[in-house]
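Below you'll find the structure, written out as structure tokens, and then a few comments.
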Amino acid sequence: MQKYDFIVIGAGMGGLSVANFLAKYNKKVLVLEKHNIPGGLVTSFARQGVHFDLGIHGLYELKEKQAIPQFLEFWGAPQIETVPCRGDMYCFIDGKKHVFRHGKVMDDFKREFPEFAADIDKLFNVMETINTEMFSGTEAPEPPYDMNLFQLIKFGMKSRKQKPMFMKYGNKDVKKVLDQFTNSEGLKSTIYSYCPYPMVFMAFAYQWGVFSNNEYPKAGMQAIPNAAVISLKHMGGVLKLNSEVTEILVRDGHAYGVRTKAGDEYRGKVISGVSPQYTYRWIKGDEKYVGKMVTRIADKEIFPSICALFIALDDTYDIGNVECISIAGSEDYRKRPQEFTADSAPIVINIYPKREGDKYRPLVALIPLTYAYEDYWKTSGGDGRGDAYRTLKLRVEGTILNRITKHLGDEFSKAVVFHELSTPITYERYTYSEHGSFMGWAVEEKDFGKYMKQRTDIKDLFLVGQWVFPGFGVAGVMASGYYLAKELLKSEGTDLKKDFNEYFKPSSS
Ligand SMILES: Cc1cc2nc3c(=O)[nH]c(=O)nc-3n(C[C@H](O)[C@H](O)[C@H](O)COP(=O)(O)OP(=O)(O)OC[C@H]3O[C@@H](n4cnc5c(N)ncnc54)[C@H](O)[C@@H]3O)c2cc1C
């Protein structure tokens, strides 16, 4: 039995972030990760000599002075060498190809939908203003659940004054906003097809705003968790891989350690970087607290799951300077993910640079098929992932590949040297993210702003990562680590916010 100040469950970017912040302030931290590599949803893997990421494409937050390099620098981690993503985009809507070039997106929207040029002007003006408002103010926001009623009202009034466009359209459902600005089904579906999930409009403003202006780590996404592990170890933190936590030990409403599958026991305050649903199932010793915690999240909607089709492409197919291809139907923006089948679901293909030393180019096609698709992917019959699951997976894989080939031609199909499908069941199995969610809770109008706290009802049991404030995304979960560490260090007089701001204050010289 070994003693630590904090035990972090999971080496996802949320867990690694809080571990780094705490280790920086001399806390004895242990991170336990069930997988053989760190990173969770930010890991990369190789098949037949080709390196794939789990589906994240370029990240705007990897740019100089943005959140990810800032966090890494604060921890003393090595900086990440990146390559710019400056490609074009093809959107196929009902089979019709629309081309959007790097740096010319708005002009190209007008060329593709000339009769709706005025709508495009208005929509892009709103999207641009939402982005400006979103990024105005450099101070990190305080979690809204920390505010009392008076502060919340004041915050609401201030936001309405300072961020009018964001408050009017940014936090409304995408369908509602698109319907308000244009009658063109093609235009609406093209905008939707880039990130085809029902979300608030700000997500689309952001995606199109940073399109073709992102950075990709030269060594793949795995470079981000790897850098965070280097700083953690440098500051005395410990990471144990292949260590699955199976029990969180609780006595008298107080978490005091964990037990792993291998039977090892570690003592310390517990921080879980895993979905709350799984975390609560591991609580042993004082289950009476669990019922209330489970009830509180029982009706919260989870972000729709996805499938990912990993494809390796040889050089016989010239894909050009394209970084993304979307395939969608003209009414998809009206639909819920539950309505999609393998034959009809939108497809977003992220095209990655070929890694140095790799023979083939990696592509990842993302398809919003739900966790419950075809009777939970034929796994609910009690036989887990049996033959029926594998047969369905192959069928979906074949259908998606055929649909892509129909749009890109037989030459594309001939250049495919490898393909493999991940389902929401795969994502859940690897990360214990409930339903395989890759974003935590749903981000629709009715859910937006209802953040889950990092503190739980159990003393010394905390949550970090995409399910708690400020939510999903690599930079988001790293920020959740900052917020939790700020809280935890406060009791001993450390002002993390002040230290962080001081560190990045422009020097007066
Ligand atoms: C296809 C795809 C596209 C995405 N696109 C973007 C994007 O464009 N931009 C963006 O910012 N973000 C994107 N994301 C989202 C982003 O990757 C996630 O929001 C974020 O990485 C989640 O981090 P986390 O630390 O909360 O959780 P996770 O990464 O899920 O980490 C949890 C960790 O806990 C480990 N674990 C689970 N159970 C145990 C246990 N019992 N014991 C020990 N360890 C355990 C898991 O193995 C995992 O390593 C995308 C994700 C995917 C999959």
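Remember, it's 1-based here, ligands and their atoms both numbered in the order they're listed.
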**Request:** Measure the distance from atom 38 (N) of ligand 1 to every protein heavy atom, then report the residue, atom name and distance (to 0.1 Å) of the closest one.
**Result:** Tyr432 CD1, 3.1 Å
**Item:** Heavy-atom side-chain contact between Met13 and Pro225 under 4.5 Å
**Value:** yes
**Request:** Measure up the Tyr371 and His435 rings against each other and bin them: parallel (under 30°), tilted (30 to 60°), perpendicular (over 60°).
**Result:** parallel
**Message:** Does the Lys NZ or Arg CZ of Lys28 fall within the cation-pi geometry relative to Tyr4 - under 6.0 Å from the ring centre and within 45° of the axis?
**Reply:** yes
**Request:** Consider every N or O of Glu33 and every N or O of ligand 1, then say whether any pair is closer than 3.5 Å.
**Result:** yes
**Prompt:** Do Lys240 and Asp264 sit within salt-bridge range, that is, some charged N less than 4.0 Å from a carboxylate O?
**Reply:** no
**Item:** Pair Glu374 + Arg395: basic N to acidic O under 4.0 Å
**Value:** yes
**Asked** Under 3.5 Å, N or O to N or O, is Val474 touching ligand 1 that way?
**Response** yes
**Fill in**
Between Leu489 and Lys27 the two heavy atoms that sit nearest each other are CD2-CE, 4.0 Å
**Item:** Nearest-contact summary for atom 34 (O) of ligand 1 - protein heavy atom, Å
**Value:** Gly10 CA, 3.2 Å
**Asked** N/O of Leu41 under 3.5 Å from N/O of ligand 1, yes or no?
**Response** yes
**Request:** Considering only non-hydrogen protein atoms, determine which one is nearest to atom 42 (N) of ligand 1 and report residue, atom name and distance to 0.1 Å.
**Result:** Val245 N, 2.9 Å
**Item:** Residues, nucleotides or ligands: over 12 heavy atoms within 6.0 Å of Tyr376 OH
**Value:** no
**Asked** Are any of the N or O atoms of Ile56 closer than 3.5 Å to those of ligand 1?
**Response** no
**Request:** Any atoms of ligand 1 less than 4.0 Å from a non-hydrogen atom of Glu244? List them with their elements.
**Result:** 41 (N), 42 (N)
**Request:** Look at atom 12 (N) of ligand 1 and say which protein heavy atom is nearest, naming residue and atom and giving the distance to 0.1 Å.
**Result:** Gly473 CA, 3.4 Å
**Request:** For atom 44 (N) of ligand 1, grab the closest protein heavy atom and report residue, atom and distance to one decimal in Å.
**Result:** Lys34 N, 3.1 Å
**Message:** Check for me whether Gly273 has a heavy atom closer than 4.0 Å to any atom of ligand 1.
**Reply:** yes
**Request:** Give a yes or no on whether a salt bridge exists between Glu301 and Arg336, defined as a side-chain N under 4.0 angstrom from a carboxylate O.
**Result:** yes
**Request:** Just let me know how Ile306 lines up against ligand 1, side chain, backbone, both or neither, with a heavy-atom cut-off below 4.0 Å.
**Result:** side chain
**Message:** Give me the residue, atom name and distance of the protein heavy atom closest to atom 21 (O) of ligand 1.
**Reply:** Val42 CG2, 3.3 Å
**Request:** May I ask you to identify, for Leu366, whether its side chain, its backbone, both or neither come under 4.0 Å of ligand 1 on a heavy-atom basis?
**Result:** side chain
**Request:** Classify the contact between Tyr430 and ligand 1 as side chain, backbone, both or neither, using a heavy-atom distance cut-off of under 4.0 Å.
**Result:** backbone
**Message:** Would you say that Trp208 contacts Val210 through its side chain, given a criterion of any heavy-atom pair below 4.5 Å between the two side chains?
**Reply:** no
**Item:** Side chain, backbone, both or neither: the part of Tyr427 lying under 4.0 Å from ligand 1 by heavy atom
**Value:** side chain
**Prompt:** Going by heavy atoms, is Ser243 under 4.0 Å from ligand 1?
**Reply:** yes
**Message:** Check this for me - ligand 1, Phe472, N or O atoms closer than 3.5 angstrom, yes or no?
**Reply:** no
**Prompt:** Of the backbone atoms (N, CA, C, O) and the side-chain heavy atoms from C-beta on, which set of Gln466 has a member under 4.0 Å from an atom of ligand 1: side chain, backbone, both, or neither?
**Reply:** both
**Fill in**
Nearest non-hydrogen protein atom to atom 25 (O) of ligand 1, with distance, is Gly14 N, 2.9 Å
**Request:** Run the salt-bridge test on Arg455 and Glu487 with the 4.0 Å N-O cut-off and return the result as yes or no.
**Result:** yes
**Prompt:** Is a side-chain donor-acceptor pair under 3.5 Å present for Ser275 with Glu434?
**Reply:** no
**Request:** Could you tell me whether Met439 and ligand 1 have an N or O pair separated by under 3.5 Å?
**Result:** no
**Request:** Answer with side chain, backbone, both or neither: which part of Thr246 has a heavy atom less than 4.0 angstrom from an atom of ligand 1?
**Result:** neither
**Complete:** Which of Tyr280, Trp441, Phe438 passes ring-ring contact (aromatic ring centres under 6.0 Å, His included) with Trp467? Answer is Trp441
**Prompt:** Any idea which part of Val274 is under 4.0 Å from ligand 1, heavy-atom wise: side chain, backbone, both or neither?
**Reply:** side chain
**Item:** Salt bridge flag under 4.0 Å for residues Glu265 and Arg259
**Value:** yes
**Asked** For atom 31 (O) of ligand 1, which candidate among Gly12, Gly481, Ser272 provides the closest heavy atom?
**Response** Gly12
**Asked** On the ring face of Tyr360, is Lys354 found with NZ or CZ under 6.0 Å from the centre and within 45° of the axis?
**Response** no
**Request:** Would you kindly specify which portion of Phe438 sits under 4.0 Å from ligand 1, judged on non-hydrogen atoms: side chain, backbone, both or neither?
**Result:** both
**Prompt:** Does an N or O from Val477, backbone or side chain, lie closer than 3.5 Å to an N or O of ligand 1?
**Reply:** no
**Prompt:** Quick check: are there more than 12 heavy atoms from other residues, nucleotides or ligands sitting under 6.0 Å from CD of Glu287?
**Reply:** yes
**Request:** Could you tell me the residue and atom name of the protein heavy atom closest to atom 37 (C) of ligand 1, and the distance to it rounded to 0.1 Å?
**Result:** Thr431 O, 3.1 Å
**Asked** Is there a side-chain contact between Lys300 and Lys450 (heavy atoms, below 4.5 Å)?
**Response** yes
